[in-house]
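All values below were derived from every heavy atom in this structure, side-chain atoms included, with hydrogens, water molecules and symmetry-related copies excluded. Note that ligands are numbered from 1 as they come in the structure, with each ligand's atoms numbered from 1 the same way.
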Amino acid sequence: MTKGNSALKVLFVTTELAPFSKVGGLGDVAGSLPKALRQAGVDVRVVTPAWPGVLEKVASEGLKTTTLKTKVFAAYDWRIHSATVIKADVKGVPTYFLKAEDYSGAQYPAQLNFWSASPFAVFCMQALELKEAIEWEPDMYHCHDWTSAFLPCALAWHRHYRQVGGKSIMTLHNVAYQGIFEPSPFLEASGLEPWSFSSSTMEFYGQVNLLKGGIVAATAVTTVSPTYAGEIQTYESTRELSGILYQQRSKLRGILNGLDTKYWDSEKDKLIPARFSSKDLKGKTSCRKALLERAGFDTETDAPVIVGVSRLVEQKGFDMVLAGIQGILKMGAKLIILGSGQDWIENGLSQAEAENPGSIKFFKGYDEPLSHLLYAGGDIFLMPSVFEPCGLSQMISMRYGTVPVAREVGGLRDTVFDVDRPEGGNGFTFQTCDTDGMLWALGRAIGRYRDDKNAWKNIMLEGMSEDFTWDKSALLYRDLYQDLMQ
Ligand code: ADP
């Protein structure tokens, strides 16, 4: 345990790590928060599975690796599972990649059952064994989502690890995925005590729910924005799990995600045709022109350009966007969307483009460079999410002087503030989850854009001056770690 002034020791236990094995937001956080925490004086290290292709990516980044002499072991399913530990220094963060047969399949299984869930339980137990191999004992384990939720469960209920003891933090990046599967033969094969399967622990309507177990067993729970921390305690947000989150609320904190502000930087971005800053916005006009040209629109138009970069799923509110197309056109705006996802949204946007070729453009697919052009060249960024644990796109758009129009939900509510509040703000927001609400906020934004160029510039500058670095949030995590040491 940490004594006196020595640094707190925290092991990040994560099944995703950008840029090696990112699937979603968890990968981004695991790839950037540890670095910020080390700068804040916390001795953070990371352990992650070496999924197929991961070690090749580590090599292609030019990182030096060392294979440790001691392996890590986990007893599971009446077998000993061993893994080789490969250490690399990733941007100053000691990182341990576990290489084993268990991690040779798909990173995340399409179907969850005892067998497909096994690598995640094995990984958590090997993470608990790592301290011997690296001769470094963490003060606490920081786990993420259902895929490492077995670790707090093991510390509380495993017949061996509960004797060893230890503290754990569970961060919820996406409560929609919980790691639910049939209890047999998990209960016999996992080493957990039989009493770990009750309605107040891991049992969930007759099934195992690893995330629920992790939430109950962890010493503390965090999620990725303060507003989402409140929302997930309601039935509307998390259905049957809301009762447990409400019951555990005294140990739940919402800490906003940060952004990689070195990467998303309008002054240095090489993926946009011209760079700009809050002091000199000329480059943004060039980006706007380049975007209009790419969309096949009149490049001299003074119409407001609404952009969106998104996964095309229900969560992002595209039913409102599709139903609002006529309203957007009536306001004389252009709409440019980049995204991929569900067929009904892709088809709806393609049809809207076909019917309004001079005003609506849909770029189908995932295109990182093009996303930069949309963020930089747009006037308004549209993000009418139904729910949003944190959201990065609204922060990116503000960094590029593109004013967000967003629904007041989750992390959007913690980052986008309506300019018509008495204290002013950095965007336009609406509450009701419907097309009228979205058009109302868009109408106010477009009115301001057309009628008061000076006010509009001030809104852009307000967004560009926001601090979306990890610095503040890293200190909040450090406070949490310190509180847990009391
Ligand atoms: P979520 O994690 O729910 O998808 P976020 O707003 O937190 O939403 O993060 C989305 C990230 O993915 C942003 O960096 C956004 O620019 C990027 N993104 C989403 N769709 C695309 C796309 N089609 N092409 C390029 N980047 C995309």
Show me the donor-acceptor pairs, under 3.5 Å and distance only, between side chains in residues 88-97 and residues at least two apart or in other chains.
residue	atom	partner	partner atom	Å
Asp89	OD1	Gly92	N	2.8
Thr95	OG1	Val93	O	2.9
Tyr96	OH	Arg45	NH1	3.1

### Query
Short question: side chain of Lys57, backbone of Phe20 - any donor-acceptor pair under 3.5 Å?
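The answer is yes, because a donor-acceptor pair under 3.5 Å joins these two groups.
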#### Entry: Note: Glu353-Lys361 ion pair, threshold 4.0 Å (strictly below)
yes
### Message
Salt bridge or not between Asp265 and Arg275? Use side-chain N to carboxylate O under 4.0 Å.
### Response
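Salt bridge between Asp265 and Arg275, a charged N being under 4.0 Å from a carboxylate O: no.
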### Task
Could you tell me which residues satisfy side-chain contact (heavy atoms from CB on, under 4.5 Å) with Val313, sequence neighbours excluded, listed by chain and number?
Arg311, Gln315, Lys316, Gln342
Identify all pairs of nitrogen or oxygen atoms, one from ligand 1 and one from the protein, separated by less than 3.5 Å, and list them with distances.
residue	atom	partner	partner atom	Å
ligand 1	3 (O)	Arg311	NH2	2.8
ligand 1	3 (O)	Lys316	NZ	2.8
ligand 1	4 (O)	Arg311	NE	2.7
ligand 1	6 (O)	Leu392	N	2.9
ligand 1	6 (O)	Ser393	N	3.1
ligand 1	6 (O)	Ser393	OG	3.1
ligand 1	7 (O)	Leu392	N	3.0
ligand 1	8 (O)	Lys316	NZ	3.1
ligand 1	16 (O)	Tyr375	OH	2.6
ligand 1	23 (N)	Gly365	O	2.8
ligand 1	24 (N)	Asp367	N	3.0

## Note on the structure
Across all chains, not counting sequence neighbours, the salt bridge (Lys or Arg N to Asp or Glu O under 4.0 Å) partners of Asp28 are Lys22
